[in-house]
Amino acid sequence: MTNFADLGLSQKVLSAVTDAGYATPTPIQAGAIPPALQRRDILGIAQTGTGKTASFVLPMLTLLEKGRARARMPRTLILEPTRELAAQVAENFDKYGKNHKLNIALLIGGVSFDEQDRKLERGADVLICTPGRLLDHFERGKLLMSGVEILVIDEADRMLDMGFIPDIERIAKLIPFTRQTLFFSATMPPEIQKLADRFLQNPERVEVARPASTANTVTQRFVASHAKDYEKRAVLRDLIRAQDELKNAIIFCNRKKDVADLFRSLDRHGFSVGALHGDMDQRSRMTMLANFKDGNIKLLVASDVAARGLDIPDVSHVFNFDVPIHAEDYVHRIGRTGRAGRSGASFTLVTRRDTKFADAIEKLIGQKVEWLNGDLSELPEPMESHDAGRKDRGRDRHKDRKKDVERSGKGRSDHRSDTAYADSAAELEPVAERAGAVKPERNADNGRGHASRNDRPGRAQNAANDDNRDRRNRHRRDHDDGPTPVGFGDEIPAFMLIAGKA
DNA sequence: AAAAAAT
């Protein structure tokens, strides 16, 4: 059996690894570290959870001990698809590089340029970036790529999914081709293979099996549900309450809007819950993730921004509120639990319209997923359908809602469909401030005298406001029988016509 | 039927 000490890493690195409590390298580490230290190119085929990050961080630290950085000329460059992943790699450099005095710069969007500029100016040994922000800095003349000795492209298949490949090609062209390139991808579709052929010179290919956890230690169940959101939310709540050993859970939705909606619903039902998606401001994203990792929040409602790569140890449950449209996403999502040999449980809500995607999942993972309480054919009819008393009940509910709204002092009069507020009375109450329930946007300007641009409520919040505004306006328009107001009447100033042509 | 990422 290999030991970290046998891989050729420096003493400084080894002592940090020992302090972190590791003695034995994972297969990807054992396979990639020695050739990386020989300055070979690496083609690493490995998923997250296999110790992939350390397989490039540790040799990079060792190689960086020789030489030092010059202003605006980073020595190494790591590209990551999401801001959270980039931040996570930076944490790894802090952990394993604690005996080094290296300058690490995290260049990601959504945060201010100032500190990033300062670090570039000082000379960065390691740049960890999302592609957009890196190119932004480059175009502003803040850095030269001609001194980069090592380029790491992480999660290449995901970069491809996200349309980053043109950016990656552009960045790679700016870096001397005498560089060493470490290229990682979870899968190797033809496009990625082509890209690897272009970027790598005589690479050492290191491939590790996908972590066994997916198949073996995670209990997977499908749960039949009707398609209406409020019915799905009720099924989910019952499911969560029925779990004996729920320590914490990630709940995935397909859309950002649904993340926001489900978060609000669970919050109003008194769950300890947070939300994470890409339209939230960066500070909230970071706070939310930290609170979840620290156990301050028990449930995290998330988009697929959280599906891959994020290292959240010890998630006991994964719930798919929506069946993922791409089957691979299912594998990534449930891979958030059952990590490091622990057991985990995953539940996927399936409605009649999802059967195609559920079938695709079973085909991809090569096994049937058991249904928890009977499959879709055994699903009882929803309470409301074919019910003579339905209209009356709906009207009563409407009355209740109006009362609640008035009580809460928010006299909104927009007409929503019955189903929109049928979830439960609890959802109609104003959100109570509860200790432990951390809300996404409200935390944003903790301790700040003023709101900077990054502290503004996330776009999701704005989108929700927009929705309300639209609804009100639509309502108003419907009942508007006066003359249509137009900005300038019939007279349109000449300058506007010119601008309009451009 | 989506999400992610520069502003």
Side-chain angles (χ1 to χ4, degrees), chain A residues 48 78-89 106-114 116-117 120 127-143 153-171 186 227-229 232 250-262 275-282 284-286 289 300-310 320-333 336 348-361 452-454 456 458-460 462-463:
Chain A
T48 31
I78 300 169
L79 296 171
E80 295 287 337
T82 69
R83 299 169 186 175
E84 275 76 12
L85 280 173
Q88 196 170 284
V89 171
L106 179 63
L107 306 189
I108 60 175
V111 294
S112 121
F113 281 91
D114 299 349
Q116 297 179 1
D117 282 344
L120 287 173
L127 279 192
I128 306 160
C129 322
T130 45
R133 183 54 76 95
L134 175 72
L135 286 169
D136 204 344
H137 278 285
F138 181 76
E139 279 158 14
R140 286 156 19 113
K142 294 292 179 183
L143 75 154
I153 297 164
D154 198 11
E155 304 259 333
D157 50 351
R158 195 168 179 205
M159 300 261 205
L160 177 77
D161 288 347
M162 289 169 62
F164 276 158
I165 298 304
D167 285 350
I168 305 293
E169 304 217 31
R170 215 184 126 199
I171 292 164
K228 295 262 197 266
D229 278 352
K232 289 173 80 175
I250 304 181
I251 306 167
F252 286 103
C253 298
N254 286 355
R255 298 183 202 78
K256 287 177 280 203
K257 181 187 177 301
D258 294 328
V259 170
D261 290 349
L262 181 59
L276 185 69
H277 65 69
D279 278 356
M280 286 163 50
D281 70 82
Q282 194 55 29
S284 300
R285 284 167 70 165
M286 300 275 198
L289 197 57
L300 184 68
V301 186
S303 68
D304 280 313
V305 68
R308 303 196 199 190
L310 284 192
N320 289 312
F321 185 74
D322 298 309
V323 181
I325 294 164
H326 295 303
E328 317 90 73
D329 288 332
Y330 175 84
V331 179
H332 289 294
R333 287 181 182 185
R336 298 303 93 206
T348 301
L349 268 55
V350 182
T351 73
R352 290 208 172 88
R353 63 181 69 161
D354 300 322
T355 47
K356 195 168 67 182
F357 303 114
D359 292 347
I361 287 168
S452 75
R453 58 180 310 134
N454 297 315
R456 284 179 314 194
R459 261 179 278 162
N462 290 338

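Naming: A, B, ... by sequence-line order, numbering from 1 per chain.
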Visitor: Roughly how many Å is it from CE in A/M280 to C1' in B/dA3, rounded to a whole number?
Guide: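 Distance check: A/M280 CE to B/dA3 C1' gives 14 Å.
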Visitor: Please check if atom CZ in A/R140 has more than 12 non-hydrogen atoms from other residues, nucleotides or ligands closer than 6.0 Å.
Guide: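 Above 12, so yes.
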Visitor: Out of B/dA4, B/dA1, B/dT7, which nucleotide sits closest to the side chain of A/R255?
Guide: B/dA1
Visitor: When you measure from the side-chain N and O atoms of A/R170 to the phosphate of B/dA6, is any distance below 4.0 Å, counting only OP1 and OP2?
Guide: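 Indeed not, no polar side-chain atom of A/R170 lies that close.
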Visitor: Give the rounded distance in Å between these two atoms: CD of A/Q282 and C1' of B/dA6.
Guide: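 The answer, rounded to whole Å, is 13 Å.
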Visitor: Think A/S303 has a side-chain N or O under 4.0 angstrom from the OP1 or OP2 of B/dA2?
Guide: no
Visitor: Regarding A/H137 and A/D117, do their side chains bring together a donor and an acceptor under 3.5 Å, going by distance alone?
Guide: yes
Visitor: Using a 4.0 Å heavy-atom cut-off across all strands, classify A/R140 as base, sugar-phosphate, or nothing.
Guide: nothing
Visitor: What's the CG-P distance between A/D279 and B/dA4, to the nearest Å?
Guide: 6 Å
Visitor: To the nearest Å, how far apart are A/H332 NE2 and B/dA3 C1'?
Guide: 13 Å
Visitor: To the nearest angstrom, how far is A/I165 atom CD1 from B/dA5 atom P?
Guide: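 A/I165 atom CD1 is separated from B/dA5 atom P by 16 Å.
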Visitor: Closest to the A/H326 side chain: B/dA2, B/dA6, B/dA5?
Guide: B/dA2
Visitor: Once you apply a heavy-atom cut-off of 4.0 Å, does A/D322 come out as touching a base, just sugar-phosphate, or nothing?
Guide: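 The answer is nothing, as A/D322 stays clear of every strand by at least 4.0 Å.
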Visitor: So what does A/D136 hit on the nucleic acid, given a heavy-atom distance under 4.0 Å: a base, only sugar-phosphate, or nothing?
Guide: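 If one applies the 4.0 Å heavy-atom cut-off, A/D136 turns out to touch a base.
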Visitor: Starting the side chain at C-beta, find the nucleotide from B/dA5, B/dA6, B/dA2 nearest to A/E139.
Guide: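 Selected nucleotide: B/dA6.
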Visitor: Looking at A/R133, does any N or O in its side chain come under 4.0 Å of the phosphate oxygens OP1/OP2 on B/dT7?
Guide: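 Answer yes for this pair, as a side-chain N or O of A/R133 is under 4.0 Å from OP1 or OP2.
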Visitor: Looking at the side chain of A/R83, which of B/dT7, B/dA4, B/dA2 is the nearest nucleotide?
Guide: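 The closest nucleotide is B/dT7.
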Visitor: Would you say a side-chain N or O of A/K256 is under 4.0 Å from OP1 or OP2 of B/dA4?
Guide: yes
Visitor: Using a strict threshold of under 4.0 Å (side-chain N to carboxylate O), is an ion pair present between A/R333 and A/D329?
Guide: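 So A/D329 does not pair with A/R333 through a salt bridge.
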Visitor: Base, sugar-phosphate alone, or nothing: which one does A/D258 contact when heavy atoms must sit under 4.0 Å apart?
Guide: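 Result for A/D258 = nothing.
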Visitor: Tell me the interatomic distance from A/Y330, atom OH, to B/dA1, atom C1', rounded to whole angstroms.
Guide: 19 Å
Visitor: May I ask you to verify whether the side chain of A/H277 and the base of B/dA3 hold a donor-acceptor pair under 3.5 Å?
Guide: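 Absent.
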Visitor: Can you tell me if A/T130 touches the phosphate of B/dA6, counting only side-chain N or O atoms and a distance under 4.0 Å to OP1 or OP2?
Guide: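 So the side-chain polar atoms of A/T130 do come within 4.0 Å of the phosphate oxygens OP1 or OP2 of B/dA6, strictly under.
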Visitor: With A/I171, which residues qualify under side chain to side chain contact (heavy atoms under 4.5 Å, CB included), at least two apart?
Guide: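 Applying side chain to side chain contact (heavy atoms under 4.5 Å, CB included) to A/I171 gives A/L77, A/L79, A/P131, A/L134, A/L135, A/M145, A/I175.
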Visitor: For the pair made of CG in A/D304 and P in B/dA3, what is the distance, rounded to whole Å?
Guide: 9 Å
Visitor: Identify whether NZ of Lys or CZ of Arg in A/R133 sits under 6.0 Å from the centre of the six-membered ring of A/F138 and within 45° of that ring's axis.
Guide: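 Ring-cation test returns no.
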Visitor: Can you list everything that forms a side-chain hydrogen bond (donor to acceptor under 3.5 Å, both in side chains) with A/D167? Sequence neighbours excluded, please.
Guide: none
Visitor: Let me know the distance between CD of A/E328 and C1' of B/dA4, rounded to the nearest Å.
Guide: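 In whole Å, B/dA4 C1' and A/E328 CD are 15 Å from each other.
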